[in-house]
**Student:** 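Let me begin by handing over the structure; questions about it come next.
Naming convention: chains lettered A, B, ... in sequence-line order (proteins, then strands); numbering from 1 in each chain.
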Amino acid sequence: MRVTQLFTKTSKNAPADEVAKNAQLLIRAGYIYKVMAGVYAYTPLGLRVVENIKKIVREEMNAIGGQELIMTNLQPKEDWEITTRWDDSVVDIWFKTKLKDDTEVGLAWSHEEAIMTMMKNYIKSYKDLPANVYQFQTKLRNEVRAKSGIMRGREFVMKDMYSLSTDADQHETFYQATIAAYKKVYDRLGLGEDTYVTFASGGAFTQFSHEFQTICEAGEDVIYVNREKGIAVNEEVLNDETLSVLGVTRDELTETKSAEVGNIFNFGTEKSEQMGIYYTDENDKKVPIFLGSYGIGITRVMGVIVEKFADDKGIVWPESVAPFKVYLVSIGDVATEADALYDELTSKGIEVLYDDRNERPGAKFADAELLGIPYRVTVSERLIADQKFEFTRRETSETELLTGKDLLDKLS
RNA sequence: CGGGGUGUGGCGCAGUUGAUAGCGCGCUCGGUUUGGGACCGAGAGGUCGAAGGUUUGAGUCCUUUCACCCCGACCA
């Protein structure tokens with residue numbers, strides 16, 4: 001992609017109506033566009049990042065047997081009345097609307113009831129289990145107050161997965177597999193080091209649920225961490241009982257702010273019983289299905305990555321999610337050589353954003369840094385004279401001069 | 001939802017005791033320039049969030065309203 005073809009522009013000024021670092025940088029660099037409070041559009045650049053994150057999540061969910069589907073944003077009232085969750089006093093973030101004939105429908109803030117209603121139609125026998133389904137979906141939540149840029153919006157993309165199992169054992173196997181898969185996801189996203197499986201309040205069926213919390217100053221949560229033991233506890237369940245169950249003492253834990261990037265739940269058979277989702281076992285007995293629910297906030301993860309890695313020059317994307325791998329800068333009248341390099345790199349499948357504008361070097365370098373592309377390659381007359389390319393890493397600013405061959409080796 | 005704050009060209013801002021708006025960036029045209037956000041010249045672009053009111057006169061005062069931000073509460 002050539003910069004001259006991108007309709008988005010970078011801006012030196014941060015928007016006055018955003019304080020969150022992630023929103024300021026993502027808007028300045030042209031990844032997102034603010035439509036209204038807590039509602040952001042994703043430009044071609046932003047969409048590339050979102051899709052890269054989804055790709056990683058998709059691969060890891062598929063690896064543990066998840067089957068991808070896509071539910072709807074319009075949901076019938078009846079599905080939610082069964083579990084009492086249509087009631088605004090039970091769920092206060094509903095967007096609700098009406099069809100032309102006055103039928104009430106809800107806009108999806110979650111898909112638990114929706115997916116279970118659908119699965120009820122298909123899952124009949126123990127032979128159908130276990131079944132694990134997931135989707136990437138836009139969730140609509142009527143939050144009283146949006147904040148923190150794309151880390152807490154009224155509309156956001158979430159991966160939600162649901163496991164249906166015959167019993168606690170089968171459920172537990174998948175639950176543990178999911179924890180392992182999630183760890184791989186956060187590793188691949190570059191967040192592994194600072195992401196903890198965190199004990200949190202668990203609802204009716206289990207003592208705890210597990211949250212995936214990434215240490216992040218901009219996060220909304222407070223957790224207590226012991227790095228050596230790999231234990232983390234959400235402050236909401238930090239008490240003597242929890243500490244004794246986990247076998248740690250209070251003074252072994254360090255308080256830190258964090259962002260919830262994933263959350264997994266064990267529903268047991270509670271929801272199945274409410275919704276009448278039963279299977280027939282080997283003895284022709286009706287048994288309620290064991291349910292699990294597993295979420296990853298895709299766009300929130302994007303915000304967390306910006307928050308954690310950005311420096312004073314701009315965004316720093318991990319290579320795995322970066323919209324492009326290389327930012328190609330031409331300086332002066334070197335279009336022939338720069339075009340040739342662009343063609344060569346792209347023909348080898350390397351994603352290049354080619355700054356072919358008639359701009360001064362400083363402007364191009366500044367944009368390369370603001371955009372956070374992992375590698376910058378510079379072509380200039382004096383470099384051409386030496387038959388070299390300049391190769392600069394965004395994260396460290398480390399720079400080396402490479403021959404064309406060495407450059408290709410580095411990038412492939 | 002409680003408290004606080006802000007709305008003035010695309011973005012960021014300034015507008016003193018009321019007299020129909022100005023700066024930087026960006027944009028357009030011409031020229032020069034090319035290793036850290038270039039320079040010169042010439043331009044385009046806003047009725048000041050909205051509605052109502054006071055006044056000879058309102059971006060400046062009053063009322064209502066909308067939007068946005070922050071703190072708190074809330075967060076399946």
**Student:** Taking atom C1' in both B/G59 and B/G15, what distance in whole Å separates the two?
**Tutor:** 8 Å
**Student:** In whole angstrom, give me the gap between the C1' atoms of B/C29 and B/G35.
**Tutor:**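 Here B/C29 and B/G35 have their C1' atoms 28 Å from each other.
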**Student:** Describe the nucleic acid contact of A/Glu113 in one word from base, sugar-phosphate, nothing, applying a heavy-atom distance below 4.0 Å.
**Tutor:** nothing
**Student:** With the side chain of A/Pro361 defined as its heavy atoms from C-beta on, choose the nearest nucleotide among B/G37, B/C13, B/G35.
**Tutor:** B/G35
**Student:** What I'd like to find out is whether the side chain of A/Val3 reaches to under 4.5 Å of the side chain of A/Glu359, using heavy atoms alone.
**Tutor:** no
**Student:** Using a heavy-atom cut-off of under 4.0 Å over every strand shown, decide if A/Arg145 touches base, sugar-phosphate, or nothing.
**Tutor:** base
**Student:** Parallel, tilted or perpendicular: which describes the rings of A/Trp86 and A/Trp94, with under 30° parallel and over 60° perpendicular?
**Tutor:** tilted
**Student:** Measure from CD on A/Glu220 to P on B/C70 and round the result to the nearest Å.
**Tutor:**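 Value for this atom pair: 11 Å.
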**Student:** Output the single nucleotide from B/G35, B/G26, B/C68 whose closest atom is nearest the side chain of A/Lys34.
**Tutor:** B/C68
**Student:** Reckon A/Arg376 touches a base, only the sugar-phosphate, or nothing at all at heavy-atom distances under 4.0 Å?
**Tutor:** base
**Student:** Could you tell me whether A/Glu143 contacts a base, only the sugar-phosphate backbone, or nothing, with contacts defined as non-hydrogen atoms closer than 4.0 Å?
**Tutor:**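 It contacts nothing in the nucleic acid.
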**Student:** Nearest to the side chain of A/Arg85, which nucleotide is it out of B/A76, B/C69, B/G36?
**Tutor:** B/A76
**Student:** When the C1' atoms of B/C39 and B/A51 are considered, how many whole Å apart are they?
**Tutor:** 47 Å
**Student:** Are A/Ser272 and A/Tyr279 side-chain neighbours, meaning at least one heavy-atom pair lies under 4.5 Å?
**Tutor:**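 Not in contact.
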**Student:** Compute the centroid of each ring, for A/Phe290 and then for A/Phe174, and state whether the two points are separated by less than 6.0 Å.
**Tutor:** no
**Student:** With a 4.5 Å limit on heavy-atom distance, are the side chains of A/Met151 and A/Phe156 in contact?
**Tutor:** no
**Student:** Using a heavy-atom cut-off of 4.0 Å across all strands, would you classify A/Val144 as base, sugar-phosphate, or nothing?
**Tutor:** base
**Student:** Report yes if a side-chain nitrogen or oxygen of A/Arg360 is closer than 4.0 Å to either non-bridging phosphate oxygen (OP1 or OP2) of B/A38; otherwise report no.
**Tutor:**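 For A/Arg360, the contact criterion (side-chain N or O under 4.0 Å from OP1 or OP2 of B/A38) is met.
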**Student:** Return the value, rounded to whole Å, for the distance between atom CH2 of A/Trp94 and atom C1' of B/A76.
**Tutor:** 11 Å
**Student:** If each of A/Arg300 and A/Glu369 is mapped to the nucleotide of RNA chain B with the nearest heavy atom, which maps nearer the 5' terminus, i.e. the 5' end?
**Tutor:**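 Closest to the 5' end, via its nearest nucleotide, is A/Glu369.
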**Student:** Taking the side chain as every heavy atom from C-beta outward, state whether A/Pro323 and A/Leu353 have any atom pair closer than 4.5 Å.
**Tutor:** no
**Student:** Of the nucleotides B/C70, B/C75, B/U34, which has the atom closest to the A/Arg152 side chain?
**Tutor:**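 That would be B/C75.
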**Student:** Looking at the base of B/G26, is there any donor atom on it, or on the side chain of A/Asn13, that sits under 3.5 Å from an acceptor on the other one?
**Tutor:**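 Donor-acceptor pair under 3.5 Å: no.
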**Student:** Taking the side chain of A/Ala16 as its heavy atoms from C-beta onward, which of B/G37, B/G12, B/A76 lies nearest to it?
**Tutor:** B/G12
**Student:** Would you classify A/Ser380 as touching base, sugar-phosphate or nothing, given that sugar-phosphate means primed atoms plus P, OP1 and OP2, and contacts are heavy atoms under 4.0 Å?
**Tutor:**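 Base, at least one base atom sits under 4.0 Å.
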**Student:** For A/Glu112, report the nucleic acid contact type (base, sugar-phosphate, nothing); a contact means any heavy atom under 4.0 Å.
**Tutor:**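 Here A/Glu112 touches the bases of the nucleic acid.
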**Student:** Mind checking the P distance from B/A14 to B/C27? Whole angstroms is fine.
**Tutor:** 24 Å
**Student:** A/Asp17 has a side chain; which of B/U34, B/C68, B/G36 sits nearest to it?
**Tutor:**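 Shortest atom-to-atom distance from the side chain points to B/C68.
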**Student:** Taking the C1' atom in each of B/C68 and B/C25, what is the distance between them to the nearest angstrom?
**Tutor:**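 To the nearest whole Å, 22 Å.
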**Student:** Under 6.0 Å between the ring centres of A/Tyr182 and A/His210?
**Tutor:**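 Between A/His210 and A/Tyr182, which both carry aromatic rings, the centre distance is not below 6.0 Å.
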**Student:** Mark yes or no: A/Lys54 above the aromatic ring of A/Phe136, with NZ or CZ under 6.0 Å from the six-membered ring centre and no more than 45 degrees from the axis.
**Tutor:**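 The answer is yes; both the distance and angle limits are met.
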**Student:** Among B/U34, B/C69, B/G12, which is the nearest nucleotide to the side chain of A/Ile331?
**Tutor:** B/U34
**Student:** Starting at the 5' end of RNA chain B, what dot-bracket string do you get if Watson-Crick and G-U pairs under 3.5 Å are bracketed, crossing pairs use [ ], other-strand pairs use | and unpaired bases use dots?
**Tutor:** (((((((..((((.....[..)))).((((((.....)))))).....(((((..]....))))))))))))....
**Student:** Whole angstroms only, please: what is the CH2-P distance between A/Trp80 and B/A76?
**Tutor:**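 About 13 Å, once rounded to whole Å.
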**Student:** When you get a sec, tell me which of B/G35, B/G12, B/C70 is the closest nucleotide to the side chain of A/Glu390?
**Tutor:** B/G35
**Student:** Side chain of A/Glu359, base of B/G37: donor and acceptor closer than 3.5 Å?
**Tutor:**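 When only heavy-atom distances are counted, A/Glu359 does not reach the base of B/G37 through any donor-acceptor pair under 3.5 Å.
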**Student:** Touch check for A/Asp92, heavy atoms < 4.0 angstrom, all strands: base, sugar-phosphate only, or nothing?
**Tutor:** sugar-phosphate
**Student:** If the threshold is 4.0 Å, N to carboxylate O, is there a salt bridge linking A/Arg376 and A/Glu369?
**Tutor:**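 Salt bridge: yes.
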**Student:** State which of B/A76, B/G37, B/U33 makes the closest approach to the side chain of A/Met158.
**Tutor:**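 In terms of side-chain proximity for A/Met158, the closest of B/A76, B/G37, B/U33 is B/A76.
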**Student:** Quick one: label A/Leu383 by what it contacts on the DNA or RNA (base, sugar-phosphate, nothing), any heavy atom closer than 4.0 Å.
**Tutor:**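 The residue A/Leu383 makes base contact.
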**Student:** B/G30 and B/G24: how far apart are their P atoms, nearest whole angstrom?
**Tutor:** 23 Å
**Student:** Using a strict 4.0 Å threshold on nitrogen-to-oxygen distance, state whether A/Arg393 and A/Glu398 make a salt bridge.
**Tutor:**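 Salt bridge flag = yes for A/Glu398 with A/Arg393.
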**Student:** Whole angstroms only, please: what is the CG-C1' distance between A/Asp355 and B/G37?
**Tutor:**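 My rounded result for the distance is 12 Å.
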**Student:** Taking the same atom, P, in B/G12 and in B/G26, what whole-Å distance lies between them?
**Tutor:** 15 Å
**Student:** Can you check the distance between B/G52 and B/U6, where both ends of the measurement are the P atom (answer in whole Å)?
**Tutor:**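 Rounded to whole Å, the distance is 25 Å.
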**Student:** Between A/Lys147 and A/Gly332, who's closer to the 5' end of RNA chain B by nearest nucleotide?
**Tutor:** A/Gly332
**Student:** With sugar-phosphate meaning primed atoms plus P, OP1 and OP2, does A/Glu381 contact a base, only sugar-phosphate, or nothing at under 4.0 Å between heavy atoms?
**Tutor:**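 Answer is nothing: A/Glu381 stays at 4.0 Å or more from every strand.
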